[in-house]
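In what follows, chains carry the letters A, B, and so on, assigned in the order in which the sequence lines appear, proteins first and then strands, with residues in each chain numbered from 1.
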Amino acid sequence: MLDIQLIRANPDQIKNDLARRGIDPPIDKILELDSDRRSLLAKVEGLKAERNKTSKDIGRMQEDSQRKKMIAAMRSLGTEIDKLDRRTADLEAELHQLMIYIPNLPHPSVPDGVDEADNVVIKEVGEKKPFAFEPKPHWELGPDLGIINFEQGVKITGTRFYVLSGAGARLQRALISWMIDLHIRQGYLEKYMPFMVREETLFAAGQLPKFEDNLYRDHEDDRWMIPTSEVTLTGLHMQEILDGSKLPLRYTAFSACFRREKMSAGRDVRGIKRGHQFDKVEMYVYCIKEDSDQEMERMMAHAEETCSQLGLAYRQLELSAGDLGFTARKTYDIEVWAPGSGEWLEVSSLSNCGDFQARRANIRFREKEGEPTQFPHTLNGSGLALPRTLIAIMENYQQADGSIVVPEVLKPWMGGVEVIEQEEER
RNA sequence: GGAGGGAUGGCCGAGUGGACUAUGGCGGCGGUCUUGAAAACCGCUGUGGGGCAACCCACCGGGGGUUCGAAUCCCUCUCCCUCCGCCA
C-alpha cells in the first residue's frame, strides 16, 4: 500500500512513477475521495465532540424537563452523526478499494521497459558447461534413472504433480538442508512456518485481493495455501511495533509452495519446472529504509553463493519497470543454465518491497523510545526454488551414460551416494 | 465434534450503563535527595486519524446492534484456557 500522504503531497510524481510500470491508476479519484473524506471527518468529529460533552452533562443532571429536552436534542444529533458516519465509511471503503490495487513505486534505479524483454542482464558468471555428447533434458533423465515419476503424480493428484523417488527425493532433501545451513552461516535465523494462512496474512503480503485466482483455498475455514513463505515471513510481525535496535532481522525458511498457475496455463508443461506444488528455501529481511539498498545487494550475494557453490553457471537480471511484481520496487532474478532443456531457468527472484508490505501488514518500528513509529523495509528472495535447482543439477551433472554426479557440497547429505545411477522402480 | 470459562495499556490486573479524563501494581524514562549508587518521594510513560494551532475524534480481541451516553447490555466472528471425545 502506498502512503496516502505521499500521494497528497506529490500526485504528479506518483503518476509518473506508476507510468513507468505502464499503468495509469485513478490518482485523481483518490485525491478527491481523500479530500471529501477529510472534510466530512472534520464535520462529524465536531458533532461527536458536542455529543460527548452534552451526554456528560446529562449524566450529572437531575431528572427534569431541561434534561428531557437535551436527550431529545442528542437523539436527533445522533441520527445526524450516524448518517455522516455512514457516508464517511462509504468514502473510506471506496478509497481503500482503490488504494489496495495500486502497486508499489519503482525504485529510481530500475531500468525503463514495458515487459520481460526489457529486463537487463547485469552479469553472467561461470561458463556454460561443454558436453562431448548431447545433454538430455531432465524429463528424460529423471524417468530413465527411476528418480522422477510423472505418471504417479498425475494419477494421485492431477496434472503438474510428480513423484520423486530414491536418490531424486534424497537429492532434493540434501539441497534443502544444505541451503538452510548455508543461510544460517550467512546470518539468517531459521524459521519453520505454517504452509496455510488466513486471508489477512495474504493481504498483508500483497497477494490479496489481486492474485486470488492464483491461490488454493479452503472455503470452509479461512485457510489459504501459501504461494511462497514470503507470505508467512511478512505475517510474522504483523501488527507489531518492533524494537529498532533489533533491525535488521534476517530470516530463512523452508516451505512447500502452492500455486494454481492459472496465469500460465499451458506454459512450461514439460518436466518439473512449473508444478502446482514446489519446495523453496526463502530469505527474508526487515530493515530500516537507509539500509535497504545495501541489504538487497547483500541478499543477492547470498543467493549467488548458492549457485556458485553448486558449480552452476548463472546470470543476474534486473527486471525492467514494466515487469516488476505488484509489491516490488526493485527486483533481481537469478537464472541458471540448464543444458538439457537448453534454457536459462529462473531459480531465484529477489525483491525489495520498500515499506509497501509493512504498511499493509501494519509492521512498524521505533528507532528509540519516545520517537515516532516508522515502517521498516522488507526484502525477500529465494535461496533457490528447489525443482529448478534440481533440474539444473541433473542436466549439468549428467554423464554420457545418463548417470548424474552428486555436486561436492551435497555429498554429506547423500549417505555415500556419489553418482546417481539407474534405480529399480519400486 | 461436545460442555464450560476467558480476551482491558509494555506486563500483571480492577472496572458489569454517567466522576472512566480506564483504579492499582510492576517495568521504563525524567527529577528531588546523595560523593556515587540504592531506597524513598514527585512527575511522565499506548496507537492511529483530523487540525496552522489550541485542541478534537476513534480505539478496552474483530465486526454489528441497543442507548442521550457502552470497557460494561445484546448479536456475531476470531483467538486462548479447562474438561470430554477423536487423533499422527
Side-chain angles (χ1 to χ4, degrees), chain A residues 1-9 30-100 192-204 208-209 217-224 232 235-247 256 355-376:
Chain A
M1 193 111 75
L2 297 184
D3 181 3
I4 183 72
Q5 316 239 28
L6 203 66
I7 298 179
R8 223 182 267 158
I30 284 172
L31 286 170
E32 186 191 323
L33 289 169
D34 176 54
S35 146
D36 289 353
R37 177 186 143 269
R38 280 186 296 153
S39 58
L40 210 50
L41 215 49
K43 198 165 154 195
V44 71
E45 284 186 355
L47 297 182
K48 279 181 183 173
E50 187 186 336
R51 180 177 67 180
N52 288 348
K53 186 177 172 300
T54 309
S55 288
K56 248 165 231 154
D57 291 343
I58 290 171
R60 278 191 287 266
M61 285 172 81
Q62 295 299 309
E63 197 64 46
D64 66 6
S65 64
Q66 173 69 11
R67 188 175 189 273
K68 288 203 171 72
K69 224 183 272 177
M70 286 165 77
I71 288 177
M74 285 309 101
R75 186 176 296 145
S76 69
L77 183 61
T79 312
E80 176 70 7
I81 288 172
D82 270 0
K83 225 166 64 188
L84 293 177
D85 262 348
R86 270 181 241 279
R87 270 173 58 195
T88 311
D90 287 348
L91 277 177
E92 264 165 14
E94 199 181 337
L95 182 60
H96 184 71
Q97 201 57 30
L98 294 177
M99 290 291 288
I100 60 178
Y192 174 79
M193 310 291 288
F195 295 173
M196 299 175 94
V197 293
R198 59 172 93 250
E199 180 177 348
E200 183 190 345
T201 311
L202 283 158
F203 176 85
L208 284 177
R217 164 182 201 187
D218 168 24
H219 282 269
E220 270 181 61
D221 302 318
D222 177 26
R223 299 280 184 275
W224 303 63
T232 43
L236 199 58
H237 293 301
M238 267 195 298
Q239 309 291 343
E240 289 182 27
I241 300 176
L242 302 167
D243 175 357
S245 69
K246 298 217 167 85
L247 297 179
D355 64 9
F356 190 86
Q357 285 177 323
R359 243 173 238 291
R360 284 173 92 99
N362 197 26
I363 300 164
R364 291 158 294 167
F365 73 96
R366 218 190 300 271
E367 209 126 28
K368 284 201 200 81
E369 193 173 295
E371 290 186 0
T373 60
Q374 304 176 54
F375 292 103

(Q) Could you work out, with side chain to side chain donor-acceptor pair (under 3.5 Å) as the rule, every residue matching A:Glu50, not counting sequence neighbours? (A) none
Q: For A:Asp36, check salt bridge (charged side-chain N to carboxylate O under 4.0 Å, His left out) against everything at least two apart and list the hits.
A: none
**Q.** Residues from residues 37-44 of chain A lying under 4.0 Å of RNA chain B - heavy atoms
**A.** A:Arg37, A:Arg38, A:Leu41
Tabulate atom names and distances for all N/O pairs under 3.5 angstrom spanning the protein and nucleotides 58-65 of chain B.
residue : atom : partner : partner atom : Å
B:A58   : OP2  : A:Asn52 : ND2          : 3.4

**Q.** Partner set under ring pair (Phe, Tyr, Trp, His ring centres under 6.0 Å) for A:Phe356, not counting sequence neighbours
**A.** A:Phe326
Q.
Using atom P in both nucleotides, what's the gap between B:U45 and B:G24 to the nearest angstrom?
A. 13 Å
Q: Pick the C1' atom in B:C74 and in B:A19, then give their distance to the nearest Å.
A: 27 Å
Q: Please figure out whether A:Ile58 or A:Ile4 has its closest RNA chain B nucleotide nearer the 5' end.
A: A:Ile4
Q. Taking the same atom, C1', in B:C33 and in B:C42, what whole-Å distance lies between them?
A. 11 Å
**Q.** Interatomic distance, A:Phe365 CZ vs B:U47 C1' [rounded to whole Å]
**A.** 17 Å
Q) When all nucleic acid strands are considered with a 4.0 Å heavy-atom cut-off, which category describes A:Thr373: base, sugar-phosphate, or nothing? A) sugar-phosphate
Q. In chain order, what residues pass the salt bridge (charged side-chain N to carboxylate O under 4.0 Å, His left out) check against A:Arg359, with sequence neighbours excluded?
A. A:Asp3, A:Asp355
Q. What is the distance from atom CD1 of A:Ile30 to atom CD1 of A:Ile7, rounded to the nearest 0.5 Å?
A. 5.0 Å
Q: For A:Gly46 and for A:Met74, locate the closest nucleotide of RNA chain B by heavy-atom distance; then report the residue assigned to the nucleotide nearer the 5' terminus.
A: A:Gly46
Under 3.5 Å, which donor-acceptor pairs link side chains of residues 66-76 of chain A to any protein atom two or more places apart or in another chain?
residue : atom : partner : partner atom : Å
A:Arg67 : NE   : A:Ile58 : O            : 3.3
A:Arg67 : NH1  : A:Glu63 : OE1          : 3.1
A:Ser76 : OG   : A:Ala73 : O            : 3.0

**Q.** Nucleotide B:G69, atom C1' - distance to CD1 of A:Ile81 in whole Å
**A.** 11 Å
(Q) side-chain contact (heavy atoms from CB on, under 4.5 Å), that's the test. Do A:Ile363 and A:Leu236 meet it? Break it down for me. (A) CA-CA 9 Å; A:Ile363 300 164; A:Leu236 199 58; over 6 Å; no
Q | Separation of A:Leu95 CG from A:Ile4 CD1 (nearest 0.5 Å) | A | 5.0 Å
Show me the donor-acceptor pairs within less than 3.5 Å that the side chains of residues 193-204 of chain A make with the rest of the protein, sequence neighbours left out.
none

Q) B:A7 and B:A88: how far apart are their P atoms, nearest whole angstrom? A) 35 Å
Q. Under the salt bridge (charged side-chain N to carboxylate O under 4.0 Å, His left out) test, which residues partner A:Arg223, sequence neighbours left out?
A. none
Q: Quick one: list whatever passes side-chain contact (heavy atoms from CB on, under 4.5 Å) with A:Asp243, sequence neighbours left out.
A: A:Ser245, A:Lys246
Show me the side-chain donor-acceptor pairs of residues 81-93 of chain A shorter than 3.5 Å, one per line, residues at least two apart or across chains.
residue : atom : partner : partner atom : Å
A:Asp85 : OD1  : A:Lys48 : NZ           : 3.2
A:Asp85 : OD2  : A:Lys48 : NZ           : 3.4
A:Thr88 : OG1  : A:Leu84 : O            : 2.7
A:Glu92 : OE2  : A:Arg37 : NE           : 3.0

**Q.** side-chain contact (heavy atoms from CB on, under 4.5 Å) evaluation trace for A:Lys53 with A:Asp57
**A.** CA-CA 7 Å; A:Lys53 186 177 172 300; A:Asp57 291 343; 3.7 Å; yes
Q. Taking OP1 and OP2 of B:G50, is either one under 4.0 Å from a side-chain nitrogen or oxygen of A:Arg8?
A. yes
Q: Could you state the atom-to-atom distance from NZ of A:Lys56 to P of B:C68 in whole Å?
A: 18 Å
Q: Send over the distance from A:Ile71 CD1 to B:G17 P, rounded to a whole Å.
A: 18 Å
**Q.** Strand RNA chain B as a dot-bracket string - pairs counted if Watson-Crick or G-U with both distances under 3.5 Å, | where the partner lies in another strand
**A.** ((((((((.[[[..)..(.....]]]((((((.......))))))(((((....))))).[[[[[..)....]]]]])))))))....
Q: Rounded off to whole Å, could you give me the CZ-to-P distance for the A:Arg366 and B:G28 pair?
A: 17 Å
Q) Considering only the C1' atoms, how many Å lie between B:C60 and B:G48, rounded to the nearest integer? A) 16 Å
**Q.** B:G27 to B:C12 separation - P atoms, rounded to the nearest Å
**A.** 15 Å
Q | A:Arg75 vs B:G69: side-chain N/O to OP1/OP2 distance below 4.0 Å | A | no
Q | Whole-Å gap separating C1' (B:G48) and CD1 (A:Ile241) | A | 10 Å
Q) Which whole number of Å gives the distance between the C1' atom of B:G4 and that of B:G62? A) 23 Å
Q) Across the strands shown, which category fits A:Arg198 at heavy-atom distances under 4.0 angstrom: base, sugar-phosphate, nothing? A) sugar-phosphate
Q.
In whole Å, I'd like the distance from the CD atom of A:Gln239 to the P atom of B:C79.
A. 15 Å
Q.
Give me the distance, rounded to whole Å, that separates B:A14 from B:U23 when you measure between the C1' atoms they each carry.
A. 6 Å
Q | Spacing of A:Arg67 atom CZ relative to B:U67 atom C1', expressed in whole Å | A | 12 Å
**Q.** Phosphate-side-chain proximity, A:Lys53 and B:C56, N/O vs OP1/OP2 below 4.0 Å
**A.** no
